[in-house]
Amino acid sequence: MASDSWALAVDQQEAAVKSISNLQIKDERVKPDTNGVIKTNATAEKTDEEEKEDRAAQSLLNKLIRSNLVDNTNQVEVLQRDPKSPLYSVKSFEELRLKPQLLQGVYAMGFNRPSKIQENALPMMLAEPKNILTLFSVFNQYYFHLSSSFLQPTELIAQSQSGTGKTAAFVLAMLSRVSQQRDTPRQSRMWCLCLSPTYELALQTGKVIEQMGKFHPELKLAYAVRGNKLERGQKISEHIVIGTPGTVLDWCAKLKFIDPKKIKVFVLDEADVMIATQGHQDQSIRIQRMLPRNCQMLLFSATFEDSVWNFAQKVVPDPNIIKLKREEETLDTIKQYYVLCNNRDEKFQALCNLYGAITIAQAMIFCHTRKTASWLAAELSKEGHQVALLSGEMMVEQRAAVIERFREGKEKVLVTTNVCARGIDVEQVSVVINFDLPVDKDGNPDNETYLHRIGRTGRFGKRGLAVNMVDSKHSMNILNRIQEHFNKKIERLDTDDLDEIEKIAN
Ligand SMILES: Nc1ncnc2c1ncn2[C@@H]1O[C@H](COP(=O)(O)OP(=O)(O)OP(=O)(O)O)[C@@H](O)[C@H]1O
């Protein structure tokens, strides 16, 4: 991404911060219905649960704001297709016997040693292809005969949470395969094909390829993405093609820019995001069907629900599997409180009292709707707080810029809704305020989101403070159910009592 788009996003955020205090937002006081469920009227804004969660945007946001490898202390689980074959793992990049220029590229990126998932995935992906004898039945005859043998490279499905080094792993694998073949004549090139769910994600992965391969200038990369027009009859001769399923399918099947039979490595990245996008699943499968039998199939995903698994098996039918369980978040080190209020204004007053009584270095405040978030940001801003607002209308790059500024401490309060904040690492934030409790679209407690907002991985063990604002019988009921679910007491806090508030900070 060009750095000027970041600068632009920052300018826009600064302008937004200045104008927050001038925002005029319609009063949206709402009452619970007869069942105690709060609904806004039809013309009021959507809740963030109603906004379609855009997994691709979330994934891009994660990539833009990530500064480091996500550490994970869980053990990698490896399921081998052939359980008898020895299992290799590497503790250094040297052990992979990469070409020196490639090793130089890896070190230039600041990678000292392989990440957990890379320790196992890299030797598997780079293993010499195995000689496979195949049995073919001959139709209409009553015998089988040994027909052919071919070199079958190791196929892999790998799953680990975002930020654990999957992209770097398959980029290194592709570059390594290509670097060993660099004397191939131009007309018979075209080795690796990588599918990404969106244009932006394809560009991000392309950047990693360019960065890691920068000491190998003769290795060429092509982007099969919308807007990238080639002349009729042209043939792709680059070593690696990265693109989105629709364009790649066109380039293979209709326009014939790509000869799928020349592909030796096929990477399907972000499988979970891919299948969340209409049509991508079928297009990916159609592309996969055009590839030669000895093409190495590699699939990566951050999550592994059944739908991803079903898709994965269609694309990589006989795989080795590597999984790294997500590090669990816990509420053990978090002090949890709730404050009883009657309405939104009282919630705001309670928040001000908190700020008046204790020193809060940085806080994240979650609201249920964009409109409440904007209103609250404006009110806090009027009170003199340095407020950042993350809102669903913002472009991903703008959101990334807001998060970056917050991380750097330029703003001390971040007001947001769920959808926007999912990718944010809250380790540095000591106070989380649920201005509205997290509920799903049916109005039931959303325990997972609650944990995600305020939980910490046990390892960091940093103490945190969570304050929940309760403003109706309904929200009290939600709070009780959250409390029961986690079997952790949430204490009542009287924000009119300054001495009491001071105590919670100790
Ligand atoms: N071995 C390594 N040592 C240090 N940093 C690494 C290593 N491998 C990857 N990284 C860095 O860690 C971050 C996350 O890596 P990467 O993007 O490969 O993860 P990912 O699992 O593909 O995430 P996502 O699912 O979001 O695509 C990146 O900034 C990357 O440069």
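Source: prediction; values computed, not measured. For ligands, and for the atoms within them, numbers begin at 1 and follow the listed sequence. Residue numbers start at 1 and run along the sequence shown.
- From the protein, the heavy atom lying nearest to atom 6 (C) of ligand 1 is Phe111 CE2, 3.3 Å.
- Looking at Gly165, Ala302, Ala169, it is Gly165 that brings a heavy atom closest to atom 15 (O) of ligand 1.
- Using a 4.5 Å heavy-atom cutoff, the side chains of Val315 and Ile285 are in contact.
- Proximity to Ser115 (heavy-atom distance under 4.0 Å) selects the following atoms of ligand 1: 1 (N).
- Using a cut-off of 4.0 Å between Lys/Arg side-chain N and Asp/Glu carboxylate O, Lys235 and Asp259 are scored as not salt-bridged.
- Proximity of Phe93 to ligand 1, defined as any heavy-atom pair under 4.0 Å, is confined to the side chain (atoms from C-beta onward).
- Glu327 and Thr73 are linked by a side-chain donor-acceptor pair at a separation below 3.5 angstrom, with hydrogens and angles left out of the test.
- Between Leu64, Thr303, Thr167, Leu172, it is Thr167 that holds the heavy atom closest to atom 22 (O) of ligand 1.
- Set against the non-hydrogen atoms of Thr164, the atoms of ligand 1 under 4.0 Å away are 19 (O), 20 (P), 21 (O).
- The protein does not reach atom 28 (C) of ligand 1 closely, with no heavy atom under 4.0 angstrom from it.
- Here the protein heavy atom with the shortest distance to atom 26 (O) of ligand 1 is Ser162 OG, 2.9 Å.
- Regarding atom 25 (O) of ligand 1, its nearest protein heavy-atom neighbour is Lys166 NZ, 3.0 Å.
- In the model, Glu270 has a side-chain atom that pairs as donor or acceptor with a side-chain atom of Ser59 under 3.5 Å.
- Under 4.0 angstrom from ligand 1, there are no non-hydrogen atoms of Asn62.
- Remark: ligand 1 and Ala168 share an N or O pair separated by less than 3.5 Å (distance only, no angle test).
- Checked by atom type, the side-chain pair Gln161/Thr164 shows no donor-acceptor distance below 3.5 Å.
- For the residue pair Arg113/Gln118, the side-chain donor-acceptor check at 3.5 Å is not satisfied.
- Shortest contact from atom 8 (N) of ligand 1 to any protein heavy atom: Gln118 NE2, 2.9 Å.
- Tyr88 and Glu119 are not linked by any side-chain donor-acceptor pair at a separation below 3.5 angstrom, with hydrogens and angles left out of the test.
- Looking from atom 23 (O) of ligand 1 to the surrounding protein, the closest heavy atom is Gly163 N, 2.8 Å.
- Here Asp269 does not pair with Lys166 in a salt bridge; the nearest charged N to carboxylate O distance is not below 4.0 Å.
- Counting heavy atoms closer than 4.0 Å to ligand 1, residue Arg113 contributes backbone atoms (N, CA, C, O) but none from C-beta onward.
- In this pair, Phe304 and Trp309 present their aromatic rings perpendicular. The plane angle is above 60°, beyond the 30 to 60° band.
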